[in-house]
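Both ligands and their constituent atoms are indexed starting at 1 by order of listing. When reading the values below, keep in mind they use all heavy atoms of this one structure, side chains included, and skip hydrogens, waters and symmetry mates.
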Amino acid sequence: MQVIETIKEMRAVTAKYRTEGKTIGFVPTMGALHEGHMSLVRAARAENDIVIASVFVNPTQFGPNEDYTRYPRTFDEDCELLEREGCGALFFPSPEEMYGMAGSLTWVSVDQLPEHLCGLHRPDHFQGVTTVVAKFFNIVDPHRAYFGQKDYQQSVIIRRMTADLNFPVEIRVMPIVRESDGLALSSRNRYLSADERLKALALVDSLRLAEQLYSQGEKNPAVLTDMMQRSILGGAPNAKIEYIAVVHPDTLEPLKTIKGTAVIALAVVIGTTRLIDNVIIE
Ligand code: PAF
């Protein structure tokens with residue numbers, strides 16, 4: 001696997017693949033890779049001739065009091081995992097390479113969609129995400145790009161940005177990968193102590209409870225979120241619930257009643273670790 005640190009070299013590599021008529025599947029990541037990321041690489045391999053991944057802890061998507069400096073950086077393990085899955089090239093730029101020494105004056109931001117869920121609690125986060133993903137699309141020039149459903153709001157916003165800016169990139173969103181006990185995989189799970197790791201199961205338990213109540217006929221989001229809140233605080237009494245919401249799958253608007261497809265999403269802080277999870281109910 002080639003490791004590429006400059007935009008110039010990345011462009012040359014991608015141009016060569018395109019000249020050879022190869023299709024490129026792109027998996028953007030912030031590193032600290034786990035089985036969830038690997039499922040994206042496997043999907044990209046199955047659907048394209050070449051897989052290019054990126055590892056870049058993007059400073060512009062972290063708020064001033066968030067975990068940018070302590071975000072796990074595990075480059076050697078990441079390379080090993082990517083190589084094992086047959087990734088062809090890894091783009092590994094520095095912040096200066098991506099944003100220049102003076103930083104960026106240009107931002108890509110999507111209206112409305114960030115005004116829900118995580119966006120309410122992380123101002124400017126999605127602007128940082130869409131800006132860096134737009135830059136990656138310009139640099140890597142992939143045919144398809146792969147994202148995880150765990151960041152549901154991110155996937156909806158990136159889909160919209162890609163359509164609105166006419167990027168010729170197919171956005172593929174892959175299902176959440178969970179531990180055998182149900183905890184959704186996340187790079188941030190490694191912050192959890194053993195006790196917090198157990199308490200974190202309250203998130204998936206509450207989502208399963210909501211799915212069960214829904215399948216028994218409960219269509220009222222207020223009832224579902226109330227039951228979920230009780231369930232989370234039952235399993236993790238000191239958890240700080242940031243939000244529990246039942247939203248439209250495309251607009252992310254909160255629903256008053258569930259008619260078609262809906263997304264139940266939550267963000268909860270366990271100890272000092274902020275975790276998110278969701279389910280799509282049909
Ligand atoms: O989902 C992530 O890891 C990041 O938000 C992404 C898409 C790589 C952009 O930095």
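Between the side chains of Asn58 and Tyr71, no donor-acceptor pair of N or O atoms lies under 3.5 Å.
Closest to atom 3 (O) of ligand 1, if we only count protein heavy atoms, is Met30 CG, 3.6 Å. Closest to atom 10 (O) of ligand 1, if we only count protein heavy atoms, is Gln61 OE1, 2.6 Å.
Side-chain atoms of Asp205 never come within 3.5 Å of backbone atoms of Ser231 as a donor-acceptor pair (strictly under, hydrogens ignored). Although no hydrogens or angles enter the test, the distance criterion places a donor-acceptor pair under 3.5 Å between the side chain of Arg11 and the main chain of Asn138. A side-chain donor-acceptor contact under 3.5 Å links Thr130 to the backbone of Val108.
Less than 4.0 angstrom separates some heavy atom of Val132 from each of these atoms of ligand 1: 9 (C), 10 (O).
Polar contact check, Gln154 against ligand 1: a nitrogen or oxygen pair lies under 3.5 Å apart. Note: no N/O pair closer than 3.5 Å links Thr29 and ligand 1 by distance alone.
Rounded to the nearest 0.5 Å, atoms OG1 (Thr6) and CZ (Phe91) are 7.0 Å apart.
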